[in-house]
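Some notes on the structure that comes next.
Each ligand, and each atom within it, is numbered from 1 in the order the structure gives. This one's a predicted model, so the numbers in the text were calculated from it and none came from an experiment.
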Amino acid sequence: MVQVINSKTFKGISPNELMEATYRAAENFQVRAFYEAKNEILKVGKYTEEDFFEILDGMIDAETERKLVLERLKGKEPLVLEEIVKIVKVFSPDNVIRDIIYLKEQGYIDEKIEVKTKKVIKKIKGEEKEVEVKEYFYRYQVKDLPDNFIEHYFEPVSIVFEAEVCCHCGWCSSICPIDAITVTADTLDIDKEICMKCGLCFTVCPRSFSIEQALMNIKKLDKSLKFSDKINGYINAYSATTTKNEIKKVRQDGGIVTSLLEYLLKNNLVDAIVAVKHSDDLWKPDPVIVENLEDLYQTGGTKYANASTLTIIDKAKKYKNIALVGTPCMMNAIEKSNLFPSGVPFFKNIKYKIGLFCMESFPYSGVLAMIKEQFKQDFTKVTKMDISGGKFIIYLDSGEDLRVPLNEVKSYARPNCHYCEDLTADYADISVGSIGSGSGWSSVITRTKKGEELFKGAIQDGLIESKSLKDVKPGQFLVEKIGGIKRNKCKPIDLKNK
Ligand SMILES: Cc1cc2nc3c(=O)[nH]c(=O)nc-3n(C[C@H](O)[C@H](O)[C@H](O)COP(=O)(O)OP(=O)(O)OC[C@H]3O[C@@H](n4cnc5c(N)ncnc54)[C@H](O)[C@@H]3O)c2cc1C
Ligand code: SF4
Ligand code: SF4
Ligand code: SF4
């Protein structure tokens, strides 16, 4: 077993304690399964030997750290994460938050949720009214476990698919070290013959266990961010539109996504982009790797059928720097794997994450059925689809547009989107959507320094014109309102038999 311990990570821990924790970490099922499958993993070739040892060392370090965190919390009363980081000072606060959530999943820690109500004054239809709001307090306590306790083992993600909560983002298939998983927009298949039961797919899956508390509390540590419980942490919010005529011809709203991607390619900040274009079946999205502007323009516009974009991230490994466009569930998947199991990213070349707002998506068969049954149209005549002002809208090649109330087409949407609480791609570098801005403009939320610099760079290059989202109507108010509605309506996921 590899025993490389980064002494900087464990500064302040006695050699005896560190040795004991490392031995316990080496017993972890995930570490063992990954280590024991070394030859098969290297044969598949997704990860090089250097990648393999970096991932393995990262897993051992993180596991060792978790055992040390656990020791420091034994016998303590239930505490909120802010209190815990003050007690476990030997590790950085974001690491400790990450560790607590994983320890909960491993079966060592209980999460206790307390709900309190408080009265606040709110403006409702212009009138100030006193309303009750709920506040949630998440506390964590180490369980009193028997000596022979065996930490939880994570099943492969077939249990996520079978529970009908898989969003088909495709991340598990890119991550799987031995290529045992095949994901399409509506299927997921695991080759049981070759699966080595490492549980990595379960760890990184956005639908296996929630990391909302971890991510929210980590974001809150960054005091430079503004924070809203409806749209999460952000730097700035804008309304923006492209200045380029070529992009205006293919865009969905403000053409901001394509403009940002053009800026990245032109300035050599990335050498490829992972996005989606129309497949040979019209309106069926096809994940693609794009290297030039001509191909980039083919990705413009929204396809409302879901795409398994993350299935091709491993195919983009040969590129040094890539940008990814995707829905909030995909941003969540990437962020989860940047935290778990170890904080070592599986694909370090993902440099920019551009997230799309998303209320729901539709299965491809649902899009076709909706056009036929609700609009009584031939889908080959549809030139654009849009959701705006509570209506699903289709534009026809005759120049006509037809509208149906959103409520009447909701039944065509994917049921697994009901388990999604994120409207505004909380974990992207920059999020783009239509809600809040006028026709031909996009609402843009910058969330990381990198996202803000990208947006400012595209403005300086003359690709985008922009104003504050606060200066447009309905603006940020509507984004937050709908973001809050999506969070409140989200169904909880409860995977049994883990
Ligand atoms: C399924 C879905 C649902 C959405 N729902 C909402 C909503 O409820 N409210 C809202 O405000 N905005 C929603 N959006 C976002 C909105 O439709 C626009 O994509 C966004 O405003 C960006 O517009 P743009 O003109 O800047 O993008 P463009 O410059 O036209 O670029 C569009 C980008 O979207 C990508 N894309 C297109 N279809 C898909 C897909 N199926 N999966 C992944 N990526 C795709 C393309 O690769 C392209 O890079 C949704 C997007 C999708 C894909
Ligand atoms: S990672 Fe994505 S595709 Fe894989 S099981 Fe989870 S939700 Fe489904
Ligand atoms: S399917 Fe999941 S558990 Fe099996 S080898 Fe792949 S990542 Fe590991
Ligand atoms: S609603 Fe959520 S799960 Fe469904 S496509 Fe959008 S981001 Fe993904």
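The option from Ile181, Val157, Asp191 that lies nearest to atom 1 (S) of ligand 3, judged by heavy atoms, is Ile181. Which of Phe357, Tyr304, Tyr297 comes nearest to atom 6 (C) of ligand 1 through a heavy atom is settled by distance: it is Phe357. Taking only non-hydrogen atoms, the option from Ser158, Ala180, Cys195, Cys176 nearest to atom 4 (Fe) of ligand 3 is Cys195. For atom 36 (N) of ligand 1, the nearest non-hydrogen atom from the set Leu478, Val250, Val276, Asp286 belongs to Val276. For the residues Ile435, Ile464, Thr302, the heavy atom positioned nearest atom 17 (O) of ligand 1 is part of Thr302. With atom 37 (C) of ligand 1 as the reference point, the heavy atom nearest to it among Pro285, Gly255, Gly301 is part of Gly301. The closest non-hydrogen atom to atom 35 (C) of ligand 1, taken over Leu356, Thr241, Thr424, Ile482, comes from Leu356.
By the neighbour-count criterion of 12 heavy atoms within 6.0 Å, atom NZ of Lys384 is densely surrounded, having more than that number from other residues, nucleotides or ligands. Shown here is Lys244, whose NZ atom has more than 12 heavy atoms of other residues, nucleotides or ligands within 6.0 Å. Heavy-atom contacts from other residues, nucleotides or ligands closer than 6.0 Å to NZ of Lys489 number 12 or fewer. Within a 6.0 Å radius of CZ in Phe227, other residues, nucleotides and ligands contribute more than 12 heavy atoms. In the displayed structure, Lys315 atom NZ is contacted under 6.0 Å by more than 12 heavy atoms of other residues, nucleotides or ligands. The environment of NZ in Lys248 is crowded: more than 12 heavy-atom neighbours from other residues, nucleotides or ligands sit within 6.0 Å.
Of all the heavy atoms of Cys358, the ones lying under 4.0 Å from any atom of ligand 1 are found in both the backbone and the side chain. Residue contacts with ligand 1, taken as heavy atom pairs separated by less than 4.0 Å, do not involve Ser259 at all. With a 4.0 Å heavy-atom cut-off, ligand 1 is reached by no atom of Lys277. Neither the backbone nor the side chain of Ile194 has a heavy atom within less than 4.0 Å of ligand 3. Under 4.0 angstrom from ligand 2, the non-hydrogen atoms of Leu188 all belong to its side chain.
At under 3.5 Å, not a single nitrogen or oxygen of Thr327, backbone or side chain, sits near a nitrogen or oxygen of ligand 1. Where the criterion is an N or O separation shorter than 3.5 Å, residue side chain and backbone included, Gly300 fails it with respect to ligand 1. The shortest N/O to N/O separation between Thr309 and ligand 1 does not fall below 3.5 Å. In terms of polar-atom proximity, Ala305 is counted as a contact of ligand 1, with an N or O under 3.5 Å from an N or O of the ligand. Taking distance alone, with nitrogen or oxygen atoms compared against 3.5 Å, Glu360 stays at or beyond that limit from ligand 1. For ligand 1, the polar-atom distance check against Gln252 finds a nitrogen or oxygen pair separated by under 3.5 Å. Residue Asn306 places no N or O, backbone or side chain, under 3.5 Å from any N or O of ligand 1.
The distance from ligand 1 to the heavy atoms of Met359 drops below 4.0 Å at these ligand atoms: 5 (N), 7 (C), 8 (O). The Gly433 neighbourhood of ligand 1 comprises atoms 11 (O), 12 (N), 20 (C), 21 (O), with distances under 4.0 Å to a heavy atom of that residue. Listed by number with element, the atoms of ligand 1 under 4.0 angstrom from any heavy atom of Ala275 are 47 (O). Against a heavy-atom cut-off of under 4.0 Å, Val325 is close to the following atoms of ligand 1: 35 (C), 49 (O). For ligand 3 and Ile178, the ligand atoms under 4.0 Å from any heavy atom of the residue are 5 (S). Shown in contact with Cys172 at under 4.0 Å from a heavy atom are these atoms of ligand 2, numbered in order with element: 1 (S), 3 (S), 4 (Fe), 5 (S). For ligand 1, the atoms lying closer than 4.0 Å to a non-hydrogen atom of Val432 are 20 (C), 22 (C), 26 (O). For ligand 2, the atoms sitting less than 4.0 Å from at least one non-hydrogen atom of Gly170 are 2 (Fe), 3 (S), numbered in the order shown with element in parentheses. Those atoms of ligand 1 that come under 4.0 Å of a heavy atom in Ser434, given as number and element, are 10 (C), 11 (O), 12 (N), 21 (O). For ligand 1 and Ser361, the ligand atoms under 4.0 Å from any heavy atom of the residue are 1 (C).
For the pair Lys317 and Phe346, the NZ or CZ position fails the cation-pi test of under 6.0 Å to the six-membered ring centre and within 45 degrees of the ring normal. The cationic group of Lys372 does not satisfy the cation-pi geometry with Phe379, failing either the under 6.0 Å distance to the six-membered ring centre or the 45° limit from the ring axis. Judged by the 6.0 Å and 45° rule, Lys467 forms a cation-pi pair with Trp441.
Among all non-hydrogen protein atoms, the one lying nearest atom 5 (S) of ligand 3 is Met196 N, 3.4 Å. Among protein heavy atoms, atom 8 (Fe) of ligand 2 sits closest to Cys166 SG, 2.4 Å. For atom 7 (S) of ligand 2, the closest non-hydrogen atom of the protein is Cys167 N, 3.4 Å. Distance from atom 3 (S) of ligand 3 to its nearest protein heavy atom, with residue and atom name: Gly199 N, 3.2 Å. Atom 2 (Fe) of ligand 2 has as its closest protein heavy atom Cys169 SG, 2.4 Å.
Here the two rings, on Tyr412 and Tyr304, have centers that are 6.0 Å apart or farther.
The backbone N or O of Gly199 sits less than 3.5 Å from a side-chain atom of Gln30, completing a donor-acceptor pair. No side-chain donor-acceptor contact under 3.5 Å links Asn267 to the backbone of Leu269. In this structure, Lys320 contributes its side chain and Asp271 its backbone to no donor-acceptor pair below 3.5 Å.
Residue Cys198: no N/O/S atom is found under 2.8 Å from atom 2 (Fe) of ligand 3. Taking backbone and side-chain atoms together, Cys205 has an N/O/S atom less than 2.8 Å away from atom 6 (Fe) of ligand 2.
Salt bridge status for Glu151 with Arg66: absent, with no side-chain N to carboxylate O gap under 4.0 Å.
Ring pair Phe161/His168 is perpendicular by interplanar angle, where above 60° counts as perpendicular and below 30° as parallel.
Each of Arg487, Lys230, Lys486, Lys219 was checked for a salt bridge (charged side-chain N to carboxylate O under 4.0 Å, His left out) with Asp426, and the lone residue meeting it is Arg487.
Ligand 2 lies nowhere less than 4.0 angstrom from a heavy atom belonging to Ala333.
When all heavy atoms of Leu469 and Ser437 are compared, the closest pair comes out as CD1-OG, 3.8 Å. Annotation for Cys205 and Lys336: closest pair O-NZ, 2.6 Å, computed over non-hydrogen atoms.
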Requested in this report: Start with the C-alpha gap between Glu63 and Arg24, add the side-chain angles, then the distance that decides, and say whether salt bridge (Lys or Arg N to Asp or Glu O under 4.0 Å) holds.
Outcome: CA-CA 8 Å; Glu63 216 34 63; Arg24 290 185 56 210; over 6 Å; no
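The structure places CG of Leu454 at 7.5 Å from CD1 of Ile464, a figure rounded to the nearest 0.5 Å.
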